[in-house]
Amino acid sequence: MLNIVIFGAPGSGKGTQSELIIKEYQLDHISTGDVLRAEMKNETELGKVAKEYIEKGQLVPDELIVNMLAKVLDSKENSKGVIFDGFPRTIPQAKALKVMLNERGQDVTIMLDLQVDEAELINRLLERGKISGRSDDNLETIKSRLEVYHNQTAPLVDFYIAEGKHVAIQGMGSVEEIFGRIKNAVDAVK
Ligand code: B4P
């Protein structure tokens, strides 16, 4: 099993690179952002709660995310491995993922930490906002998302360094260049 956590600030290229990784390694993809946006679109109970947090640039509470993730993970039982995109985003989520995978006789294989300058992140998200229609791709919300990232999500780097799973990936440059760096890192552990 090849279980990859793709990690980085908002706009660092997690979703973009995930698509290429899935094709290359035939993995299943779990994007908590995509699942939440589908719940919002379908106006489910979870979607209604999530909307309130996402529109403010805040994280959806851990308990809701972990329950949601457990259900999605059960639906991927026979896969060659999973790419976790946008999850975990907090230390409690990382601990919960470890328990969930260990219960299934698995673990995280590698954590790819996409490193991108802040000005570039803001620029990418503003550009995406022009076409995505996403309610969180505006300057005010982007600023809160970046602050939340620094306070709540960035500490995960130390968690995965301690686990011996962390690999830093230079996330500036063309999509293809960055994917080349990712392939080198994944091929070294698979
Ligand atoms: P996500 O959907 O995970 O969104 P994201 O971090 O904003 O985007 P991502 O990093 O995937 O985008 P990408 O860089 O690929 O989360 C949205 C919200 O959902 C969160 O703020 C939170 O509220 C909630 N949420 C999700 N997961 C949660 C969790 N686990 N716990 C709690 N809450 C959670 O793309 C950005 C843009 O850059 C694109 O337009 C792309 O085309 C462009 N781009 C990518 N690579 C590029 C490159 N190399 N050069 C130039 N442009 C590039």
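Note that ligands are numbered from 1 as they come in the structure, with each ligand's atoms numbered from 1 the same way.
In this structure the side chain of Val186 reaches within 4.5 angstrom of the side chain of Leu112, judged on heavy atoms. Looking at Lys80 and Met1, their side chains never come closer than 4.5 Å, going by heavy atoms from C-beta outward. Contact of the Arg89 side chain with the Tyr149 side chain is not registered, since no non-hydrogen atoms from C-beta on lie closer than 4.5 Å.
For atom 19 (O) of ligand 1, the closest non-hydrogen atom of the protein is Ile54 CD1, 3.7 Å. Among all non-hydrogen protein atoms, the one lying nearest atom 20 (C) of ligand 1 is Arg89 NH2, 3.8 Å. In terms of protein heavy-atom proximity, atom 33 (N) of ligand 1 is closest to Val60 N, 3.1 Å. The nearest protein atom to atom 11 (O) of ligand 1, hydrogens excluded, is given as Gly15 N, 3.0 Å; this is a heavy-atom distance. The single protein non-hydrogen atom nearest to atom 10 (O) of ligand 1 is Lys14 NZ, 2.9 Å, given as residue, atom name and distance.
Here the side chain of Lys76 pairs no donor or acceptor atom with the backbone of Asp28 at under 3.5 angstrom.
Backbone and side-chain nitrogen or oxygen atoms of Phe87 are examined, and none is located within less than 3.5 angstrom of a nitrogen or oxygen of ligand 1. At a 3.5 angstrom cut-off on N or O pairs, Gly86 counts as close to ligand 1. At a 3.5 angstrom cut-off on N or O pairs, Gly57 does not count as close to ligand 1. Backbone and side-chain nitrogen or oxygen atoms of Gly171 are examined, and none is located within less than 3.5 angstrom of a nitrogen or oxygen of ligand 1. For ligand 1, the polar-atom distance check finds an N/O of Gly173 within less than 3.5 Å of one of the ligand's N/O atoms. When only interatomic distances are considered, the shortest N/O to N/O separation between Arg37 and ligand 1 falls below 3.5 Å. Of the N or O atoms in Asp136, none lie within a sub-3.5 Å distance of an N or O in ligand 1. Residue Gln58 has at least one nitrogen or oxygen atom sitting less than 3.5 Å from a nitrogen or oxygen atom of ligand 1, judged on distance alone.
The number of heavy-atom neighbours closer than 6.0 Å to CD of Glu147, taken from other residues, nucleotides and ligands shown, is 12 or below. Within 6.0 Å of OH on Tyr25 lie more than 12 heavy atoms contributed by other residues, nucleotides or ligands. Summarising the local packing, CD of Glu19 is surrounded by 12 or fewer heavy atoms from other residues, nucleotides or ligands at distances under 6.0 Å.
Residue Glu127 does not touch ligand 1, judged by heavy-atom distances below 4.0 Å.
Considering Leu121, Thr32, Leu36, Ile6 only, the shortest heavy-atom separation from atom 25 (N) of ligand 1 involves Leu36. Of the listed residues (Val175, Thr16, Val66), the one carrying the non-hydrogen atom nearest atom 42 (O) of ligand 1 is Thr16. Among Arg124, Arg134, Arg128, Arg145, the residue whose heavy atom lies closest to atom 17 (C) of ligand 1 is Arg134.
In the vicinity of Ser12, heavy-atom distances shorter than 4.0 Å reach the ligand 1 atoms 10 (O), 14 (O). Which parts of ligand 1 touch Gly13 is read off a 4.0 Å heavy-atom cut-off, strictly below it: atoms 10 (O), 13 (P), 14 (O), 15 (O). If you number the atoms of ligand 1 from 1 as listed, the ones under 4.0 Å from a heavy atom of Ile178 come out as 49 (N). The Gln93 neighbourhood of ligand 1 comprises atoms 29 (C), 30 (N), 31 (N), 32 (C), with distances under 4.0 Å to a heavy atom of that residue.
Heavy-atom separations between Met172 and ligand 1 are all 4.0 Å or longer.
Using a 4.0 Å cut-off between charged side-chain N and carboxylate O, Lys14 and Asp113 make no salt bridge. One finds no salt bridge joining Lys51 and Glu43 here, because no Lys/Arg side-chain nitrogen approaches an Asp/Glu carboxylate oxygen to under 4.0 Å. Ion pairing between a basic and an acidic side chain is recognised when a charged N comes within 4.0 Å of a carboxylate O; Lys71 and Asp74 show no such pairing.
With sequence neighbours excluded, the residues that form a side chain to side chain contact (heavy atoms under 4.5 Å, CB included) with Asn138 are Glu140, Thr141. Here Glu45 pairs with Lys48 under the salt bridge (charged side-chain N to carboxylate O under 4.0 Å, His left out) rule; sequence neighbours left out.
By the criterion of side-chain heavy atoms lying less than 4.5 angstrom apart, applied directly or through intervening Ile, Leu, Val, Met, Phe, Trp or Tyr residues, Leu69 is grouped together with Ile91 in one hydrophobic cluster.
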